[in-house]
Every structure is written in C-alpha cells, then in structure tokens.
Amino acid sequence: MENIKQYVQENKERFLNELIDLLKIPSVSADSAYAQDVIDTANAVKSSLEKAGCDFVELCETPGYPIVYGEKIIDPSLPTVLVYGHYDVQPADPIELWTSPPFEPVIKPTEIHPEGAIFARGACDDKGQMYMHVKAFEYMIANNCLPCNVKFMIEGEEEVGSKSLGWFVERNQEKLANDVILISDTGMISNQQPSITTGLRGLSYVEVEVTGPNRDLHSGLYGGAVANPINVLTKMIASLHDENNHITIPGFYDKVEELSAEERAQMAQRPFNQDNYNKALDIAEEFGEKGYTTNERNSIRPTLDVNGIWGGYTGEGAKTVIASKAYAKISMRLVPNQNWEEITELFQKHFESIAPKAVKVLVKPHHGGQGYVTPIDSVGYQAAAKAYTETFGVAPIPVRSGGSIPIVALFEQELKSKTIMMGFGLDSDAIHSPNEHFGVFNYLKGIETIPLFYKYFAEMNK
Ligand code: BES
Ligand code: MN
Ligand code: MN
C-alpha cells in the first residue's frame, strides 16, 4: 500500500470531478419534489461501485428509497468490513444565504482549507465522505491489495430518520454479516489533529401543536380575554429549562450515564480553545448547562432545543391577530442509557401537564434513536488509530460527538458488531447549513487513510 499516496495524486482530478458529478444531483430526502433525483443518485452510486470493482451490486427496494448494496467477497475466511454511508442530503434552504448554488459545486479556498474546499449540499454530509470509501476500494482493487471482504450499504433516508434501513437490516442479517462496520459520516478535531468518533448522541424529535380559540381572532377585540397560543407555547417552552440550564422534565436525567472524574479529565485534554470557538460563531459568550464545559455540553450531556417555531402572521407589515394555533419542532439529544422512546413519553406527559386549561396541546413524536459509544480497545479502533497515525503523522484522539446516527445502535443490536467512525469532516464545514463544504485535503486524506484501515484490520485479525 506504499503507492496509495501516489495513486491519489495521479487520480486527484478525476476523484474530484466524480464527486462533483454526484453532488450535482439534488438528493433531498425530506422533500418529495426531489424523489426522482434521490433515485437517480442511488443509481449513480450503484454504477460507481460497479466501476470500482464490486462483484455484485444491486438497488434493494424498501418501503422508501432504495438501499445501494454492493460486495466484493475475495475469501470467506478473511474478515468482512461493512461500509455504511448515505447518499441523501439535507434540504438546501435558506437558499439565499449560499454564496454559490448548493447543487452547482465549486472549489474555493477558505481560511481553514487554503488548498480549497468543495462547496455543495452534501459535500461533507455525506456524499464526499461516502465516496472516499468507493475510491479507496477502487485503489485496493486496481492494485490488487484488498485484504478483506467488503460489503457496501449506502442508504437514501439517513437525513429523515433511516426508517427503511431499520426495516432492511432486520430482514437481512445474514446478507449483512460482518466483522466490523466502517462509517465516515462524522468529523475530526482539525486537519492537524485527527480524531476518531467514539460516541454519538441519541435523539428524540417531536412536534408540538398548541390550539387556543377555534379560529384566528382580532387581537384588539379578543386580546387579553383568551389565551394566545403563541404566548402560551413560548412560555411552556421557556419553562423546559431552569436557571442553570438544566432540563425540567421529571425523570429526564434518571438514566443519564455520569462520567467519572478521570474520564472527564481525559476529555478535557483534547485541544480546544473557547475564545476561538466563540469568535468563529460570533458569540460574546458560551452558554449551557451549569457545571459542564463546552465539550461536555455538546457530547456527554443531553439537551433540548427548539428547531423551528411558527404560528400567526409572519408576512410583510403588521396584522393584528391572535392565531388559533402555534407550533414548534423540538429535538432532544440523548446520551447512552437514555431510551429515546421513554424520553419521548416523558416529554409528552410533561408537556401536556404544564399546559393551561385554556389551550389544547398535541405532541406528535417524529423519530428518534439510541446513542452509541464504541470501545477504544477493539481491533477496529486500533486499526483505525494506526491508519490515521500513519497518514497524519499524529495519533488520533478518541472524541464523543454530539451528532446522531441513530441506525448505529441498531446495527450493533441486529448485526452484533462494533462500528468504527472514521470521520474526516470539520465542525466548520457547515453541514446542514448554507455553504456546506468539504476540504480537498480532507477528501484525499480520507481516500489515503481508509486502505490502511483495511490493511491493519486484516493483520490484527490474523
Ligand atoms: N452525519 C450526520 C451526523 C453527525 C455529523 C454526527 C457530525 C457526528 C458529527 C447525520 O447525517 C445527521 O445529520 N444526523 C442527524 C440525525 C438524523 C436522524 C436526522 C442529526 O444528528 O441531526
Ligand atoms: Mn450524515
Ligand atoms: Mn446530516
């Protein structure tokens, strides 16, 4: 595998152009207007796996979008790596905040990526990171150095809760049997200091609806005499945190795993600069649960956030009205041992209980999933650490992330194997946000590092 660096250099332009072509297809899973584009993307991924050297590739039909499955089984006695990724992307809006159109990829330098970054929706999350695996696989086939069996499972509904993937995994345990699951759909600390994601938070996502009077009312004629659902909803939401930014839902913290002082001290050793963090976000001060640091708040502690809130008149000018209804979308990020279904129920009970009699409340659960923590003494983690050390010249640091990939906990439950998260994105890559991008350095470094994971995973399994 000495020549992987050279292979990447020689094929760099083609690797970039192929990814750019994939990024041009707007595979937004949340919006049915893009249904054909999502399917076109599945087909594009399928043909890329065929070209790269899979023996067998298929689109597996599901109740939702198809799952691209591909495999190269070289010897049943060798270990098998199952690569997971997703070809769907988040919606691009607010579109007016993009400096170039989200589905017309361009490469531009940034402060953090002086060598250039690819700007497009999905560049980092997850088309760019998923495609690194296809190109790393292409290299191992072309150079006859693939040391493991490989299975690819690339889904098209990750950004909307992976419903069909759960369905698929439960029905295909045999087909998906593996020794380790490998995912690049997370990030790392910086291009100078790689890290391996060892934890993901769970998620409970709900929508709430507060109904006051049966129709919109003149805010002069009725104002003051009936409950205004927007006033009520915002007050209810405000009461979900106390003065220490602790969540007030009874029982919410009951199962939260508390880290030992040693574990917290270890976490605090990762490089982090609060001033730079604040500057990058243009905030005067950080904010969060009392007694915890920023890195603890966004990884080992559960949270509750409003993701959207609406109701009443939001058009141009002023309209004097008391709306009949108000709405909010709320996410709770959960930590290991918290059960997302239980938390959803606790939320629902509590939210209904705090509503004044003057309104009706409806809580609609959307989706959710369990958190995940992977051990660092596994063969998979050790192989990944060795691979990063070789390509970055520095040992990676294990880091628990605040994001969620709910399907990972289900993989462990159904397929009984550990997941290794080799993420190459940066927090500043603006995933889910306007101007999402992925560093050219990161993309190529990923392609360089992945084959080494296979090499060491095979060696360590001997
Ligand atoms: N790739 C992200 C998750 C992620 C990003 C984890 C960076 C760690 C670091 C994934 O595509 C995602 O956005 N997940 C959603 C949850 C999903 C159920 C919609 C999330 O975390 O909000
Ligand atoms: Mn993702
Ligand atoms: Mn995402």
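Just so it is clear, the structure is predicted and the values come from calculations on it, not from any experiment. Read the numbers this way: they start at 1 and go in the same order the structure lists the ligands and their atoms.
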So which bit of Asp185 gets within less than 4.0 Å of ligand 1, heavy atoms only: side chain, backbone, both or neither? both

Answer with side chain, backbone, both or neither: which part of Ile431 has a heavy atom less than 4.0 angstrom from an atom of ligand 1? side chain

Would you say [atom1] of [X] has more than 12 non-hydrogen atoms from neighbouring residues, nucleotides or ligands within 6.0 angstrom?
X	atom1	answer
Glu286	CD	yes
Glu285	CD	no
Lys108	NZ	yes
Asn191	CG	yes

Identify the protein heavy atom lying closest to [atom], giving its residue, its atom name and the separation to 0.1 Å.
atom	result
atom 15 (C) of ligand 1	Ser404 O, 3.6 Å
atom 21 (O) of ligand 1	Arg333 NH1, 2.8 Å
atom 6 (C) of ligand 1	Gly403 CA, 3.7 Å
atom 19 (C) of ligand 1	Glu159 O, 3.6 Å

Is the Mn ion (ligand 3) less than 2.8 Å from at least one N/O/S atom of [X]?
X	answer
His86	no
Glu159	yes
Asp125	yes

Compare every heavy atom of Asn442 with every heavy atom of Phe424, then report the nearest pair and how far apart it is. O-ND2, 2.9 Å

Taking both backbone and side-chain atoms of [X], is any N or O found less than 3.5 Å from an N or O belonging to ligand 1?
X	answer
Ser401	no
Glu158	yes
Thr186	no

Which label fits [X] and [Y]: parallel for a plane angle under 30°, tilted from 30 to 60°, or perpendicular past 60°?
X	Y	result
Phe411	Tyr84	perpendicular
Phe392	Phe441	perpendicular
Tyr34	Phe103	tilted
Trp310	Tyr327	parallel

Does Lys175 count as lying over the ring of Tyr69, i.e. NZ or CZ under 6.0 Å from the six-ring centre, within 45 degrees of the axis? yes

Which of the atoms of ligand 1 are close to [X], meaning less than 4.0 Å from one of its heavy atoms?
X	value
His86	11 (O)
Pro406	18 (C)
His367	18 (C)

For Gln90, state whether at least one heavy atom is located under 4.0 Å from any atom of ligand 1. no

